[in-house]
Every structure is written in C-alpha cells, then in structure tokens.
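To start, the structure under review is shown below, and the notes come after it.
Worth saying up front: this structure is predicted, and the values here are computed from it rather than measured. Chain letters run A, B, ... following the sequence lines, proteins first and then strands; every chain starts at 1.
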2 protein chains.
Amino acid sequence: MRNGRQRAVTIAEVARRAEVSPATVSRVMNGRFAGAPEVADRVRRAAEELHYSPSPLARSLALGETRTVAFVVPDIANPTFQAMLSSLSKSAAADGYRVLVADSAEDPEEEAVLAVETRRGCDGLVLCAPRMPDERLRALLPVLRPVLLINRGSTRLDAPSISVDYGVGIQQLAEHLHGLGHRHFAYLEGPAPSTSNRSRVEGLRSFAERAGNVRVDHIAAGSSSSDGYAGAGRVRETGATAVLAYNDLVAVGLMSALTDQGVTVPADISVAGFDDIPMVSYIAPRLTTVSVPYGPLGAEAWKRLHALMRGEVPSHNVIFQPRLQRRESTGPPPVPPSADRTGPAAAGPGRRR
Amino acid sequence: MRNGRQRAVTIAEVARRAEVSPATVSRVMNGRFAGAPEVADRVRRAAEELHYSPSPLARSLALGETRTVAFVVPDIANPTFQAMLSSLSKSAAADGYRVLVADSAEDPEEEAVLAVETRRGCDGLVLCAPRMPDERLRALLPVLRPVLLINRGSTRLDAPSISVDYGVGIQQLAEHLHGLGHRHFAYLEGPAPSTSNRSRVEGLRSFAERAGNVRVDHIAAGSSSSDGYAGAGRVRETGATAVLAYNDLVAVGLMSALTDQGVTVPADISVAGFDDIPMVSYIAPRLTTVSVPYGPLGAEAWKRLHALMRGEVPSHNVIFQPRLQRRESTGPPPVPPSADRTGPAAAGPGRRR
DNA sequence: GTGTAGCGTGAAAGCGGTTTCTCGGCGGGG
DNA sequence: CCCCGCCGAGAAACCGCTTTCACGCTACAC
C-alpha cells in the first residue's frame, strides 16, 4: 500500500518464514493442500505469527470475483429501500458477500452511468432504476449482468426481476373503500416519473373502469409527510370522501393537516396509506394501508442474484402481492353516496386476491 | 474474469490497436501523458472504439487504494443509521468514493471481526461499535486506521470521533419537563448495553442530581414502537407524570398504548421522544423531542474520514448537540406536584445550552 | 535394473493495471 | 562538428495472490 500506515504482510513473507514457496502458502490457506501435514503446520504457524491475512484485492484480481454486490437505488433515504437494503445486506452477509450502496439521486441519466460504473467493481447488481427508459436499460443489460431488477417485471426485458404489485395493492385499498360506500376518491400522487407511482395510477384506472360509477381525482404531491400535509387543501377542494396516499408518510402528513383544519378522519374523510411502515399502526387513527413485504423482497433478491452469479438460469420472475391492512383511518363516507347506487356495500366485482 | 459472460477489454488490447505500449495507454487514460497529441488521440480513439474502461480491481491493486470506504453499524435497519448512511454515502459519492455497508447484527464479538475484515477491503472506516469494550477497540485501532469513530468520543482513544451528546439531549428534555412542573419521571430504556442508552441514563442521573427533588424510574424497553407499546403498563405503575422514551419510535408506541388505555397525552401524562424523525411532527399529539442532526453528522463523518485518508492530522473531535423541539406531547403535570416544591416553574439551574 | 506412474512442491505465468527505468533520437550550445 | 541533455515512449518490474505446469523424487511393476 502506498501509505505506510500499516504495511500489510504478504504471502511471500509467510512463505519465506515457513521456508516454502508462496504457492504452498496459498494452497494451505485455501485448504487445497495435499502434502505433508507438518509442512501445512509450519505454514499455518508462520501465518499466525505474522498475523497474515490475504489481501482481498489481490485475491479478487486473481480469482476474478470480489464477493461484493451492489445495490443501486434512486434514493437511499427512502424508507422503502432501507428496508430492502437491510434484509439484502443481511442475507448477502450470510453467504459471505458484502454490499455496496449507490444512490443515483433520482437522476435518470445518473442511474445509467452509476449502474454501469458500480457494476464494474463487483460481482453482481441489484438494480432499482424506476426512471430509466426501457430501451436504455435493455441496452445496458449485457454490461450489467448478472443483474436483478427491482420493479421492472412488467416489461419484457431479458433479465430476472422481482417486483411489488403496486397496482393490485392500490386496487385492494380502493375496493375496500368502495365496499365501505365511497364513490369519490382522491389520489395523492408520488413522484410523477417513477414507475411505482405510475403503477398505482394504472391500478386505480383499472379499478375505476371495473367499478363503473366512481370518480378519482389526481393530485400532485410527492413522497414525504410534508407533501401530504401540503396537499390537504387540494384534497378537500375535490370533495372526495376517501383519499389514497402515495405512501404512509404522505398519508400521515395529510391526516395531520386535515386534523389541523378540523376535519376528522375517518368520520369526515377516509385516508389510506401504502407500505405499512411499522409506525403507522401506532398513530391515531391507526392507518389503513397495504403492507408491502420489503424485507422478504430483499432476501429474495439476494437469493436470486446469488443463484444467478453461480451461473444458474434465472427462475421465473416473482411479484409480491401487498396485503390489505384495515385499520381505523377508513370508514363509511359521511353521507350516503349519491342516488345512483345500485349494489350498495357489495365489494367491487371479483378479482380480489 | 472467470465467467465468460462479458470478457472485459484490457489495456493491452487498446495498446495493440493504438499501436502503442500499455504504459502509454495508462498515461493517456490518467492524464499523465506529455507526448505527441496525435498519439494521445489515437489512444483515446482506440479506447473509445473498444469501449475500454480500466478494471477498478487492477487499478486498486496497483495503486493501493480502492476508493471505497466502509460503514460498520450494529443494525442497518435502525433509522438513525439510515439517516447517517444516506448523507455519508452522498458526501462520499461527491468525492468519487463508494460506501460498503456492514451490519454486525448487534453482536459485540462480531463487531470486532467484522470491522477488521471489512476494513481490509477498503481505504477507510466509519465505525459505529457501541457494544465493543474500550480495550478491544483500542487494540484494533492500528489495524482499522484510518478510522472515524461514531459515538466513542468520551473515552480516551487515539482515533478521531464524532458523536452526539445524548446526555445533554436528554437533559434538555428533562429540564423542559421540570420547568413545566414535573418532578416524577420515567425513562423507557433502549437496548441496555448500548452506549447511546447509557449516555442517556448518565444524563438523567446528572440532571436528577442537579435538580434535587426529582425521582426518575427506569423501565427496560427497547428501541421499537412495539417496545414502547409494551412498556405503557409499567410506566403507569410508577405514577410518573412525565416519561422520556429512548427514541421517537418508542415514544410513539407508548403514546398509542396510553391512548388505548384511556390516558390522555399530555393532559394526564407528558411524553417526550428522542431523534426527531420526520414523521413525529405530523402525528397527534405532535411529539416533543430533541432533534439530532444525523444528516450533518454523516456528512461531517465523511469530511473527516476523507481528510484522514489524505494523511491530514485528525482535527479535534466534534460533538453534535441535540436541540429541543417543544411540541404538543408535553405539558404541565395533571395535579400540582406534591408539597415540597420550592422553586415552582423555574427551569432547572443554569447549564441549558 | 530400468521404465513409469504418482506424489509433493516450487517456478513461473497469469490477473490488469501503474510506474520506474532505460534507451534512442533530436536539438542546441560550445 | 561533436557532445550533452532532454524528451517521448517502450520494456520491464511490481502490486499480492492463484494456478498451471514442470520437475525431482520415491515406489512399484516388469
């Protein structure tokens, strides 16, 4: 190492002290040694005495593998990715791998260069690039491989992917609310260009189509509590009786603003979140939301990436289904919905998992 | 690389195509080339055409630096570390460094071996090892360097450290509550062996000493909302009028349980959190807490580690002071404190920052 | 007794770069 | 006109480890 802080002891020094060749030291250290036991002992003793530990860098270069994978996300600060990172990192560690994190700062272009650049320093990639156009991603794939995509399953890309079915999640919420009698919804949108927002929008559209006599107003917001707080005014202007928030954080912010304005949840208006982060079952009113299994998702991501790195053929993509958590922030609308109600509190037709 | 997925192009191939030596290619790629411009152009063109990009591994081995640092923490899932990680990673990225995360799973022994092992694969370490005994850490220091310690500033260790003054933080809260008239406190403890819990305990002890006529009951809890929820019963048994929670999550859980039990916050009992995570200013009642600047702390950690890696001498340690956020979850005790009150609502003597 | 198979170990060639050292060629000064 | 010095660029050493290949030795068979 250039800086003389702590000149590391090399395999050659161990070899010299044990009076063997570096090759033998290497073999002993890696359990590939077949020769005389006393030679092995000598090597082990020498290594011990010198506090030798092989340079991971040099091993990596020689072996062509780093035992490191990277996790590339648009924004590490997002609790969603943190949950995944936590379980991904723990699963990888269990198999002796480390994980490198890279934050693309939500920049679509950065996403691409960062992914490529980061990939070069490790053996595999878990890539969450919601902003990257399909074509761009497809072109990058050969360089990125082995790569496991997050939330890119819908499109036909030649790479394994695991995703969350946000569309189904929001439909579950919408149908729950519909079942309670709501016909006029508001959706507080997350970051517009993100796929996770788009699939929610899509899910709502298809719900509305199926349900028929409903109205869904869209309101631009964001992904933080302050965005939810700021959106309260516009929500009320729509006259919606139920509001779906992009995620739990937004829902909490929204509820806070509504409370400030003298609006009671769920008596005056129902609010639903998304994700089921741990805290929202402890606030008042307890938030109705869908729980998304980010932990299992991270673990599964590792499992599949690991298989991929071992050269196994990618198995089928998997889509995690969110699960409805009915709690206290949703209830019947304040006044019975307008006259045209045909099938009263019956849930939306079919297709509820 | 062993697996023939995408045989990377090497410097030799570029050299051959540009009809120069690998040395020249290297020089051109690193801006150290002084010769004929047309040679440089030829090299650049060849590199371009071959989509050459130097192997980070090989560079690292030759240069003796990886441009990677590691962040070792007891539990990545902890929001506290996530906030630090986020800003650490962003700051490091701005200087062209990546960050590796390692989770010691709160295991004191694991903390040590993980730190050492992880350190070998990178240029520096940000180490948060609250469980590791001083002696052990001191012994490891030479191997770990350059290393920046988190929350290990109090002890005399020969390594730079940046910390949060949890003691002062909890004292601010206690004094705030004392000023409101509280004399009987409960503290919901975090993970017992952690330094961050111990400094809070210490801070409370010194507060109690200074204040004189106060009582502080300690209750074992933990660091999550469910721990707070579970602790409510024991809190009420103490008869305390004000409770300090280990962190915001615990406080939220506690408040939820109290509400469930018909206890009103802050009318019946005051509750204070710790950390000021974004959401707690949006819940009802808005949580009184101290804000801890984890973001700036992460950035500062990078700044100092970076300086250290450049060989600069470590500057003085820094201690971030939490700042009191009075909100709605604290108020005067329900009945005037017992007869022995001498100085009524005057805040505790001096020493409030 | 010699050929050969087998075994234990070392020499050396990578892995893919960086950097020192060297050398040939050119220009300028004496 | 010759010599010296400088400059541009390549050869080779090196970073630290793995692994192939080869070699020397022993043992066994014929």
Side-chain angles (χ1 to χ4, degrees), chain A residues 1-44 46-47 50-68 117 119-123, chain B residues 1-44 46-47 50-68 120-123:
Chain A
M1 301 279 159
R2 168 162 275 46
N3 41 24
R5 295 184 216 280
Q6 180 86 4
R7 240 197 52 65
V9 9
T10 78
I11 200 173
E13 306 176 44
V14 177
R16 213 170 311 135
R17 175 179 256 255
E19 299 181 302
V20 297
S21 78
T24 298
V25 176
S26 171
R27 286 189 269 252
V28 171
M29 299 300 289
N30 294 293
R32 297 195 207 312
F33 184 78
E38 71 105 9
V39 171
D41 278 353
R42 223 165 57 220
V43 168
R44 262 187 287 270
L50 261 31
H51 300 297
Y52 171 70
S53 109
S55 151
L57 229 57
R59 293 201 81 221
S60 292
L61 184 60
L63 257 26
E65 66 160 26
T66 61
R67 295 194 82 79
T68 299
E117 161 147 341
R119 171 63 183 84
R120 301 220 67 226
C122 60
D123 299 344
Chain B
M1 301 280 158
R2 168 162 274 48
N3 41 23
R5 295 183 216 280
Q6 178 87 5
R7 239 198 52 67
V9 8
T10 78
I11 200 172
E13 306 176 44
V14 177
R16 212 170 312 135
R17 176 179 256 256
E19 299 180 303
V20 297
S21 76
T24 299
V25 175
S26 171
R27 288 190 267 253
V28 170
M29 298 300 288
N30 295 291
R32 295 195 209 311
F33 183 79
E38 72 106 9
V39 171
D41 278 353
R42 224 164 56 219
V43 169
R44 262 187 286 272
L50 261 31
H51 301 297
Y52 170 70
S53 110
S55 151
L57 230 56
R59 293 200 80 221
S60 292
L61 183 60
L63 257 26
E65 65 160 27
T66 61
R67 295 193 82 80
T68 299
R120 302 221 67 227
C122 62
D123 299 344

For this session: Decide yes or no on side-chain contact (heavy atoms from CB on, under 4.5 Å) for B/V43 and B/F33, but give the supporting numbers first.
Result: CA-CA 11 Å; B/V43 169; B/F33 183 79; over 6 Å; no
Problem set entry | Residue pair B/V39, B/V20: steps toward the side-chain contact (heavy atoms from CB on, under 4.5 Å) verdict | CA-CA 8 Å; B/V39 171; B/V20 297; 4.0 Å; yes
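A side-chain donor-acceptor contact under 3.5 Å links A/R120 to the backbone of B/S53. Checked by atom type and distance alone, the side chain of A/R119 pairs as donor or acceptor with a backbone atom of A/C122 at under 3.5 Å.
Residue contacts for A/A36: at a heavy-atom cut-off of 4.0 Å it reaches the sugar-phosphate backbone alone, with no base atom in range. As judged by a 4.0 angstrom heavy-atom cut-off over every strand, A/V39 is placed among residues touching the sugar-phosphate backbone only.
Phosphate proximity of D/dA9 to B/R27: absent, as no side-chain N or O sits under 4.0 Å from OP1 or OP2. Residue A/S55 places no side-chain N or O under 4.0 Å from the OP1 or OP2 atom of D/dG16. A/R32 has no side-chain polar atom (N or O) that falls below the 4.0 Å cut-off from OP1 or OP2 of D/dT18. For C/dG16, the OP1/OP2 oxygens have no side-chain nitrogen or oxygen of B/T10 closer than 4.0 Å. A/R59 has a side-chain polar atom (N or O) that falls below the 4.0 Å cut-off from OP1 or OP2 of D/dT18. Contact between the side-chain N/O atoms of B/S26 and the OP1/OP2 oxygens of C/dT18 is found at a separation under 4.0 Å.
Distance from the side chain of B/A23 is smallest for D/dG10 among the nucleotides D/dC17, D/dG10, C/dA12. Between D/dG10, C/dT18, D/dG16, one nucleotide has an atom nearer to the side chain of B/S21 than all others, and that is D/dG10.
Rounded to an integer number of Å, the gap from B/L57 CG to D/dG16 C1' is 12 Å. One atom, CD of A/E13, and another, C1' of D/dC17, lie 13 Å apart when rounded to the nearest Å. Between the CZ atom of B/R120 and the C1' atom of D/dC17 there is a distance of 12 Å, rounded to whole Å. Between the P atom of D/dC17 and the CZ atom of A/R67 lies a distance of 17 Å, rounded to the nearest Å. The nearest whole Å value for the distance from the CG atom in A/N30 to the P atom in D/dT20 is 13 Å. As rounded to whole Å, 14 Å separates atom C1' of D/dA9 from atom CD1 of B/I11. Rounded to whole Å, atom C1' of C/dG10 lies 15 Å from atom CZ of A/R16. Distance CG (B/L63) to P (C/dG16): 17 Å, rounded to an integer number of Å.
At least one side-chain heavy atom of B/N30 sits less than 4.5 Å from a side-chain heavy atom of B/R59.
In the helix from C/dG1-D/dC30 to C/dG30-D/dC1, the terminal helix axes, each the rotation mapping four pairs' C1' atoms onto the next four within five end pairs, subtend 70°, rounded to 10°.
Each of A/P22 and B/P22 has a nearest nucleotide on DNA chain C; the 5'-most of these lies closest to A/P22. Positionally, the nearest nucleotide of DNA chain D for A/L61 lies more toward the 5' end than for the other of A/T24 and A/L61.
In terms of heavy atoms, A/V9 sits closest to A/L50 at CG1-O, 3.2 Å.
Pairs passing the salt bridge (charged side-chain N to carboxylate O under 4.0 Å, His left out) check and including a residue from residues 23-39 of chain B, sequence neighbours excluded, read B/E38-B/R42.
Salt-bridge formation is detected for the pair A/R67/A/E65: a Lys NZ or Arg NE/NH1/NH2 atom is positioned less than 4.0 Å from an Asp or Glu carboxylate oxygen.
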